[in-house]
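Report on one structure; see the data block that follows.
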Number of protein chains: 2
Amino acid sequence: MLTDRQLLILQVIIDDFIRSAQPVGSRTLSKKDKIAFSSATIRNEMADLEELGYIEKTHISSGRVPSQKGYRYYVDHLLPPVRLTKEDLAKIQSIFNEQIYELEKIVQKSAQILSDLTNYTTVVLGPSVKDHKLKTIQIVPLNKETAVAIIVTDTGHVEKHVITIPPTIHPSDLEKMVNILNERLIGVPLIDLNEKIYTEVADVLRAHIQSYDSILKTISASLDLDLNAPAQMFFGGKMNMLRQPEFSDIEKVRSLMNIIEQEKEFYRLLRKHQQQGIQVKIGKENEVKGMEDCSLITATYSVGDEKLGTIAVLGPTRMEYSRVISILNRVASDLSNVLTQWYQKY
Amino acid sequence: MLTDRQLLILQVIIDDFIRSAQPVGSRTLSKKDKIAFSSATIRNEMADLEELGYIEKTHISSGRVPSQKGYRYYVDHLLPPVRLTKEDLAKIQSIFNEQIYELEKIVQKSAQILSDLTNYTTVVLGPSVKDHKLKTIQIVPLNKETAVAIIVTDTGHVEKHVITIPPTIHPSDLEKMVNILNERLIGVPLIDLNEKIYTEVADVLRAHIQSYDSILKTISASLDLDLNAPAQMFFGGKMNMLRQPEFSDIEKVRSLMNIIEQEKEFYRLLRKHQQQGIQVKIGKENEVKGMEDCSLITATYSVGDEKLGTIAVLGPTRMEYSRVISILNRVASDLSNVLTQWYQKY
DNA sequence: GTTAGCACTCTCATTAACCGAGTGCTAAAT
DNA sequence: ATTTAGCACTCGGTTAATGAGAGTGCTAAC
């Protein structure tokens, strides 16, 4: 329903505003190469665009600023194509340059590079360990009372857990228990461990081990807690927001940092973004107080068909959507490829 | 060489300025209970104090502000006694309430509580693992090429390390190697591991194992890297600085955050503060550009006589020295006590 | 349908005036 | 010999006035 000319104007307004952070006036627009008509014409079109809700004035005689609806339309239909420069590609490549075998490190480095590249804040939601499969479980006694339980998954992830050992348990029982656990539970996804303990392991334990009750508690202690914990979040460029002119007000910085720092809220927000592909949430679409001036762009990365985690870029609503989306696409797919390739070995 | 009255005035000026963040004038001072002489007298005394360098004016006809020298004198000689409230003590106690057996968690929680209590930024330098002693080393093969090496120390600390296994190494050799390592190296401090490998283990290995060269590389890979890594730093209340009026300027926030975020610089700074007891570095005493308006108060915590790490509180020079020092003293000694008690079991 | 022209609006930067908090100095009081 | 009252003076911060500049909406001409 918008005419081509209106679309052109909308696009140029948003492009210019993203660059300059200043309201865009009709005269500025009329000087652009792409635009061949006079400022008066532009003024008329702008009045229409404003009436339709795509742009706004900051005050009665100011230039125009994109509205949330405007950004939404821009993101959905008007994104200018971006080609990543060689430098950009090289940096992205550098994430995978070193031979890294640890998922966490690679994910952390991705967050780092991504924030360098975009100058915004990035968050990478690490893969939940729930679906990883048990490779081995070890219990290393530290002294009479405590021991550290170590769980290794098929992906090389290591969980540790310091536990107390009730004095009723005999060391040899402990050893037996570990053997039984390893015999019966290798290959089981961590999330199913608790169930399997009761269906598969409990009977065997009862048959072989004296202090059955306390040993069960010990097992629970070593396996239970880590499952409900949220997946790790890796941040990059937390302070990049300070450079954006929209955050020259210390109050805004504070309220935004509050959201980021108390990670729970932010984690919940990211959990919503589990769908395949790039997702863009603009301003109030995030439904979080204090993020009205922010946009969140997310992508997922995966191994084969299985989603592993989410990569997110947080910036002002006046964000370089095109560029960020391109970069994010690239990083997510490269990361998926590398991980897929890597996991195939197992 | 300062008269009692001058000291009194200096103290009241600093106390007031710490509270209000506003330059203190003679009239304000004369209204204080402690002060029984007129504003004119105070003006004379202040002129002297200024000449001696303990206080400064922000402009020719303003009230006085403590100088760095003033703060230094205040910290060294004029600290008003502070008694921690029951609430404060209860919060500090709560660090140790839960039965926590993991050093990292307890240290992290200390940082958290400390920043809550002081409203400043806190850093806790975790203990370096270098001095911990090897409890066991395990190598868990993940697939043909990679394995994860797991080092457990007597303190329950777990290091993991993904390594590649050269195809020339036979799995049984790997097993032999692990056995030999465990036989020979248990109880050795991590920092001495590399040396011991050559003095104690190399010969045995050569005698028993075929692919001697590649296995040595593998060992190095599993043990080498983690030693030079700096000890972990745990932050609390990174954003608390935003609430201080001296950081209403976004530029200052940025330069300070830069220092904090790129942890290396900050780590180096903390390393200087290894001496026993409370240390206070005021403003430029920190010798870090961008920290001219900050003070750093540090304490060490230890097990028995052995220093483990450093606890630090970073605030504006206009910091509540008295309160922070009291709290820090308490936390450091409580932490030391708990850890000493805990470690004695080993 | 497009554009030139014009009156009007509003922000922002500059300047001037003023208030208030604070100082230093002098002279009187203790 | 101190201490204090008094007074002239300084300077930052706030308010108000002014003007320039950017931008708009509307009308009338092209």
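As the structure is a computational prediction, the values presented were derived from the model and not from experiment. Values below: all heavy atoms of this structure, side chains included; hydrogens, waters and symmetry mates excluded. Per chain, numbering begins at 1; letters A, B, ... match sequence-line order.
A:S255 and A:N258 share no donor-acceptor pair across their side chains, judged by distance under 3.5 Å alone. Between A:R43 and A:S26, the side chains place a donor N or O and an acceptor N or O closer than 3.5 Å (distance only, hydrogens not considered).
Around CZ of A:R5, the count of heavy atoms belonging to other residues, nucleotides or ligands within 6.0 Å exceeds 12. Residue-environment remark: CG (B:D76) exceeds the threshold of 12 foreign heavy atoms within 6.0 Å. The neighbour count for A:R271 CZ, taken as heavy atoms of other residues, nucleotides or ligands under 6.0 Å away, does not exceed 12.
The end-to-end axis angle of the helix from C:dG1-D:dC30 to C:dT30-D:dA1, rounded to 10 degrees and based on five pairs per end, is 20°.
Scanning residues 24-31 of chain A for heavy-atom distances under 4.0 Å to DNA chain D yields A:G25, A:S26, A:T28. Listed in residue order, the members of residues 40-70 of chain B having a heavy atom less than 4.0 Å from DNA chain C are B:R43, B:M46, B:K57, B:S61, B:S62, B:G63, B:R64.
Remark: C1' of C:dA21 and CG of B:D16 are 14 Å apart, rounded to the nearest angstrom. Atom-to-atom, CZ of B:F17 to C1' of C:dG22 comes out at 16 Å; the value is rounded to the nearest Å. Nucleotide D:dT2 holds its C1' atom 17 Å from the CG atom of B:D4, rounded to whole Å.
Closest approach of B:Y71 and B:R318 over heavy atoms only: OH-CA, 3.5 Å. The heavy-atom pair separating B:V82 from B:R323 by the smallest distance is CG2-N, 4.0 Å. Heavy-atom minimum distance, A:E56 versus A:P66: OE1-O, 4.5 Å.
The closest donor-acceptor contact from the side chain of A:Y54 to the backbone of A:M46 lies at 3.5 Å or more, if one exists at all.
When side chains are defined from C-beta on, A:P80 counts as touching A:Q11, because their heavy atoms get closer than 4.5 Å.
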